[in-house]
2 protein chains.
Amino acid sequence: MTNQREKITIQQIADYADVSISTVSRVLSGNAKVAADKHEAVLAAVKALNYRPNMFARGLASGQSMTVGVITQHISSPFYDAITKGILEVFEDSPYSPLIVDGQWKLEIEKRALHTLQNRQVDGIIVVGGNLELETLKAFDQHTPVVVVAREIEDFKERCIYTDNFQAAYNATQFLIRAGHKEIAHISGLLEHPDANLRLQGYKQALIDANIPYREDLIVHGNFLPQSGLLAVEALFTRNQTFSAIFCANDQMAMGTQLALYRRGIRVPADVSLIGFDDQPASAFMTPPLTTMRPPAEEMGRSAAAHIFSILKKMPYEAQDHTCELIVRESVSRVR
Amino acid sequence: MTNQREKITIQQIADYADVSISTVSRVLSGNAKVAADKHEAVLAAVKALNYRPNMFARGLASGQSMTVGVITQHISSPFYDAITKGILEVFEDSPYSPLIVDGQWKLEIEKRALHTLQNRQVDGIIVVGGNLELETLKAFDQHTPVVVVAREIEDFKERCIYTDNFQAAYNATQFLIRAGHKEIAHISGLLEHPDANLRLQGYKQALIDANIPYREDLIVHGNFLPQSGLLAVEALFTRNQTFSAIFCANDQMAMGTQLALYRRGIRVPADVSLIGFDDQPASAFMTPPLTTMRPPAEEMGRSAAAHIFSILKKMPYEAQDHTCELIVRESVSRVR
DNA sequence: CTGTTAGCGCGTTCAC
DNA sequence: GTGAACGCGCTAACAG
């Protein structure tokens, strides 16, 4: 660990290896052929002097920052954390570093984040969810490649990594129907959020396809937070609504729901069956464990990172499918 | 939004404002006095041309990257996520950007992360938890300031932001004792982890101070993951151990514990009282809601960021206290 | 294949 | 106060 004042430049290793600085630059970037002996000499010098390239000089000269921005929405859901984790994983063994900024699901903040990233001259960005509009994204993509995760944007799909929320909700609802349920309530997420809407639609379609009338009075609109699941149940009872099952747009609300039910002395799944969405870690350890729809969050994160890398390297990227999987646990029971 | 090929340099705004580049540099950095009129002229030019400083050039010339590295441990706990959130929050309105890398609680990976950050020439780093040894940290701190969160390192405390785990565990245990419990089991975390050890010690001391004998057979060693809480309960029963309360070293294990109890038909809190640690979001929505010890995670994150900033600005930093708060919920009941 | 040279955009002495 | 000139460390033409 010769850490001598970290002032080692390519000039020094050039001298040490008795070659010119450009030769050094060449072996370091691998952009051109260099005689084997000189090649080794340089590598030896690099090791001997414990050389560390200066990112600034490199960036200044090449125009590349070897950095890609990540706009996350660090709020209200373990789902997004899992995606971030997947992204970080892929960055681990790549020459790129992630520059993470928080968008907080606020358009204004996300735009500021975009500016920050632009100032930092990132080579590309990954947008996780959020509200940034298509045009903003496209404009940015003009000069810096953009990839979007966990969001399906019309007219930009080739750059989006997402899962079919409609189908997933359809499947979850169908599962309840097949278990004999006919009065299935749905607690939706924020309808401004596309995912929430798609899940509602999937629920609706499954009902229709099973010849069960879709009833507005079985729908309660939540906001993805646990508290709203709790309130939703109260709303249902206030309406004097009967139901034998509830499909929640996410696990967090399902947790709130389960708690509300518990407080009213209603047993899950004996009295009411319950299905959530996201398979967040705690779901498996609820009492009873929650049946839920698991989106491949980490996998999607990995795909996103892989996608942006292939764009940066101008390599082809073969799209992947990311489908949700229903995780059946004790919170659902057959209706006799 | 004049986004003209983003080639605007200080030279151009110098021309536009009819001054020299050094004057421009001066008003931009505010390091020297400039005549009011020129000052304004420059500002106007900056706005008119939508100037954006080039971080690389700036970094090259100044030696500052305006970036601080953050080593997180993105695994197994919402607690660390909350800290990260707090950190990001403070970065938001600072000229610095965070460079986040994942340490995964693996010493080797953390060391690599340190190297990455060094190569990126960060101006400082925040280490969240992890296993990096004191000497490594101190060596790094020699040239780049280091702040550690959620970890208390002997001989480096002035740079650590942490909470008193011993005291918190003591209080939690005492709460159970005062509720009349005498046979209190403890499910510990990984003992290699200082926090786990401190919590165990706090538990022990509370017992001793209340004249209740500390019994090894009431201790089960877990690993912080929910699954281990579940297994711990099984272990207790295998030992044929009786107990009226359980104190878990974190919420995740408490969740596993609660599930195991539920499956055995044991009611919480009617038959057994339960206390966790961390107050992770889902805890409030368990059935029944979990009593837990809440560490000020986000606050600690914010403090850490504030601390590193004040070091970078060579400003004094006044340390803060970060104490845990017991959140009493339905999972504990009095023993008659 | 290799060495020489000219910037990349900005901070920072210096003289004025 | 202000401007001119140099250099930060490296990449990318350019000649050989």
Side-chain angles (χ1 to χ4, degrees), chain A residues 4-43 45-46 49-67 95 118-123 143 312, chain B residues 4-43 45-46 49-67 95 118-123 143 312:
Chain A
Q4 50 203 93
R5 214 66 234 101
E6 43 180 316
K7 280 296 186 189
I8 304 98
T9 74
I10 63 172
Q11 180 61 62
Q12 317 206 25
I13 82 158
D15 293 348
Y16 190 101
D18 197 38
V19 297
S20 76
I21 60 171
S22 30
T23 297
V24 176
S25 176
R26 284 185 187 105
V27 345
L28 255 37
S29 65
N31 286 333
K33 288 244 159 285
V34 171
D37 55 338
K38 308 218 171 198
H39 186 97
E40 280 186 48
V42 169
L43 257 34
V46 164
L49 300 178
N50 187 225
Y51 166 75
R52 303 204 172 273
N54 182 317
M55 302 305 279
F56 299 128
R58 195 176 280 209
L60 226 210
S62 72
Q64 296 228 315
S65 65
M66 298 313 275
T67 296
Q118 189 164 207
N119 284 343
R120 291 267 166 185
Q121 290 155 271
V122 296
D123 295 335
H143 54 274
L312 291 176
Chain B
Q4 49 205 92
R5 214 67 234 100
E6 43 179 315
K7 280 296 184 187
I8 305 96
T9 75
I10 63 172
Q11 179 60 61
Q12 317 208 21
I13 82 155
D15 294 348
Y16 188 101
D18 199 36
V19 296
S20 77
I21 60 170
S22 27
T23 297
V24 176
S25 176
R26 285 184 186 107
V27 344
L28 257 35
S29 65
N31 286 334
K33 288 244 160 283
V34 172
D37 55 337
K38 306 219 171 198
H39 186 96
E40 281 185 46
V42 169
L43 256 35
V46 164
L49 299 178
N50 187 226
Y51 167 74
R52 304 200 170 279
N54 182 315
M55 304 304 281
F56 298 128
R58 198 173 277 211
L60 226 209
S62 72
Q64 295 228 312
S65 65
M66 298 313 276
T67 297
Q118 189 165 207
N119 284 343
R120 291 265 164 186
Q121 288 156 273
V122 295
D123 296 335
H143 53 273
L312 292 176

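Note that the structure is predicted; figures quoted are calculated from it, not measured. Letters go in sequence order (proteins before strands), and every chain restarts at 1.
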Using a cut-off of strictly less than 4.0 Å, decide whether A:Thr23 has a side-chain nitrogen or oxygen near OP1 or OP2 of C:dG3.
-> yes

Rounded distance in Å - CG (A:Leu60) to C1' (C:dC8) = 5 Å

To the nearest 10°, let me know how far the axis at one end of the helix from C:dC1-D:dG16 to C:dC16-D:dG1 is tilted from the axis at the other, five pairs an end.
-> 40°

State, yes or no, whether a side-chain contact exists between B:Asp123 and B:Met66 at a heavy-atom distance under 4.5 Å.
-> yes

Taking it one step at a time, do B:Val27 and B:Val46 satisfy side-chain contact (heavy atoms from CB on, under 4.5 Å)?
-> CA-CA 11 Å; B:Val27 344; B:Val46 164; over 6 Å; no

Please report, rounded to the nearest Å, how far the P atom of D:dT2 is from the CG atom of B:Asp18.
-> 12 Å

Taking CZ from A:Phe56 and P from D:dC10, how many angstroms apart are they, rounded to a whole number?
-> 12 Å

Separation of B:Asn119 atom CG from D:dC10 atom P, in whole Å?
-> 12 Å

Looking only at non-hydrogen atoms, find the nearest pair between B:Ile13 and B:Val42 and report the distance.
-> CD1-CG1, 3.9 Å

Atom CD of B:Gln12 and atom P of C:dG9 are separated, to the nearest Å, by 9 Å

A:Asn119 meets the side-chain hydrogen bond (donor to acceptor under 3.5 Å, both in side chains) criterion, sequence neighbours left out, with B:Arg52

Each nucleotide of nucleotides 10-16 of chain C classed B (base within 4.0 Å of a protein heavy atom), S (only sugar-phosphate) or -, in 5' to 3' order, makes BBBB---

Working for side-chain contact (heavy atoms from CB on, under 4.5 Å), residues B:Tyr51 and B:Val24 | CA-CA 11 Å; B:Tyr51 167 74; B:Val24 176; 6.0 Å; no

The reported gap from NE2 in B:His39 to OG1 in B:Thr23 (rounded to nearest 0.5 angstrom) is 12.0 Å

Under the side-chain hydrogen bond (donor to acceptor under 3.5 Å, both in side chains) rule, collect the residues that match up with A:Ser62, sequence neighbours excluded.
-> none

Sequence neighbours left out, what passes side-chain hydrogen bond (donor to acceptor under 3.5 Å, both in side chains) with B:Gln11? Give chain and number order.
-> B:Asp15

Any chance you could lay out the side-chain contact (heavy atoms from CB on, under 4.5 Å) test for B:Thr9 and B:Asn54, step after step, and finish with the verdict?
-> CA-CA 8 Å; B:Thr9 75; B:Asn54 182 315; over 6 Å; no

Let me know the distance between CD of A:Gln121 and P of C:dC8, rounded to the nearest Å.
-> 14 Å

May I ask you to list the residues of residues 33-43 of chain B, by number, that have any heavy atom positioned under 4.0 Å from an atom of DNA chain C?
-> none

Spatial distance of atom NZ (A:Lys38) from atom OG (A:Ser20) [nearest 0.5 Å] | 8.0 Å

Give the C-alpha distance, both sets of side-chain angles, the deciding distance and a yes or no for side-chain contact (heavy atoms from CB on, under 4.5 Å) between A:Thr67 and A:Met55.
-> CA-CA 10 Å; A:Thr67 296; A:Met55 302 305 279; over 6 Å; no

